[in-house]
Amino acid sequence: RIPPLHVCARMEFNMQDNDGGTPEQLRVDALTQAAQATLKKDGDTAVQLWVKCCALSRIIFGDAHVELARCHIELASVYLELKGFWEQSLSHAVKGRDILLLVEKHVTSHDTRLLALYHNSWASCTIGRALMMCDQYPSNMKVVPWA
């Protein structure tokens, strides 16, 4: 029997020589640094760190988890707001939203449901902003004055 992909990835990660510790420790550090880079509006660094957060979250939690979705949605926001790359933003926001749709079916905790709802709303806003940026949003839907 072959273990799930995220278990194989964790085993491979643990076999590599990493000076930073466990994937969980590296993820916490990367999340902190990514949030700081995002606040400082350092787009290149923020993108690199959010990509790292996505990879580590996938290793730790697997393919369907609220935290993986969150990282994709944060990466989508950074691509859109700091880099102006609507295509990448749209791709990651949709990926995050799709993960949340998978997760939603299996969530039992009220707090996790609220977190998933919040991230789903954020993903939808990012998708809408990306579509408006590329001028593919339906023209009759452009009613938000700040967009």
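In what follows, every heavy atom counts, from backbone to side chain, and hydrogens, waters and symmetry copies are set aside.
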Undergrad: How long is the gap from NZ on K52 to CG on L31, to the nearest 0.5 Å?
TA: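 Between K52 NZ and L31 CG, I get 10.5 Å after rounding to 0.5 Å.
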
Undergrad: State, to 0.1 Å, how close V66 and A116 come at their nearest heavy-atom pair, and which atoms those are.
TA: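 Looks like CG2-CB, 4.2 Å.
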
Undergrad: Please enumerate all residues that pass salt bridge (charged side-chain N to carboxylate O under 4.0 Å, His left out) together with K83, with sequence neighbours excluded.
TA: D44

Undergrad: Would you mind checking if K41 and E81 are paired as a salt bridge, meaning a charged N to carboxylate O distance below 4.0 Å?
TA: no

Undergrad: Under 4.5 Å between any side-chain heavy atoms of V47 and L75, yes or no?
TA: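 Side chain of V47 against side chain of L75, heavy atoms only: contact under 4.5 Å found.
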
Undergrad: Would you find a donor on one side and an acceptor on the other, under 3.5 Å apart, between the side chain of S57 and the backbone of C53?
TA: yes

Undergrad: Could you check if a side-chain atom of Q88 sits within less than 4.5 angstrom of a side-chain atom of V78, using non-hydrogen atoms only?
TA: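 Answer no - side chains too far apart.
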
Undergrad: Please name the pair of heavy atoms, one in L80 and one in M133, separated by the smallest distance, quoted to 0.1 Å.
TA: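 That closest heavy-atom pairing would be CD1-SD, 3.6 Å.
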
Undergrad: CZ/R70 to CG/L100 distance, rounded to the nearest 0.5 angstrom?
TA: 12.0 Å

Undergrad: Verify, without hydrogens or angle tests, whether T126 (side chain) and W122 (backbone) share a donor-acceptor contact under 3.5 angstrom.
TA: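 At least one qualifying donor-acceptor pair exists.
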
Undergrad: For A64 and I99, work out which heavy atoms get closest and say how close.
TA: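 Closest approach of A64 to I99, heavy atoms only: CA-CG2, 4.1 Å.
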
Undergrad: Measure across G96 and I73 and return the closest heavy-atom pair with its distance rounded to 0.1 Å.
TA: CA-CG1, 4.0 Å

Undergrad: Who are the ring-ring contact (aromatic ring centres under 6.0 Å, His included) partners of H92, not counting sequence neighbours?
TA: H72, Y79

Undergrad: Please test L56 against E67 for side chain to side chain contact (heavy atoms under 4.5 Å, CB included), starting from the C-alpha separation and ending with a verdict.
TA: CA-CA 10 Å; L56 289 168; E67 285 299 318; over 6 Å; no

Undergrad: Mind listing the closest non-hydrogen atom pair of L68 and G62 along with its distance?
TA: CD2-O, 3.4 Å

Undergrad: Going by heavy atoms in the side chains, are D98 and V94 under 4.5 Å from each other?
TA: yes

Undergrad: Rounded to the nearest 0.5 Å, how far does OG of S91 lie from CZ of F85?
TA: 13.5 Å

Undergrad: Do you see a donor-acceptor pair shorter than 3.5 Å between the side chains of T38 and W50?
TA: yes

Undergrad: Please report the interatomic distance NE2(H119) to CG(L114), rounded to the nearest 0.5 Å.
TA: 11.0 Å

Undergrad: Tell me whether T112 contacts the main-chain N or O of T108 through its side chain, where contact means a donor paired with an acceptor under 3.5 Å.
TA: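 Flag not set: sc T112 to bb T108 has no pair under 3.5 Å.
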
Undergrad: Q48 side chain to T45 main-chain N or O, any donor-acceptor pair under 3.5 Å?
TA: no

Undergrad: In terms of side-chain geometry, is the basic nitrogen of E24 or R27 positioned less than 4.0 Å from the acidic oxygen of its partner?
TA: no

Undergrad: For a quick test of reading the model, state the closest non-hydrogen atom pair linking A130 to S89 and the distance between them.
TA: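 That closest heavy-atom pairing would be CB-OG, 4.2 Å.
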
Undergrad: Would you compute the distance between atom CG of N120 and atom CG of L101 and round it to the nearest 0.5 angstrom?
TA: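 Result: 6.0 Å between the selected atoms.
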
Undergrad: Okay, side chain of R113, backbone of V107: is any donor-acceptor separation there less than 3.5 Å?
TA: yes

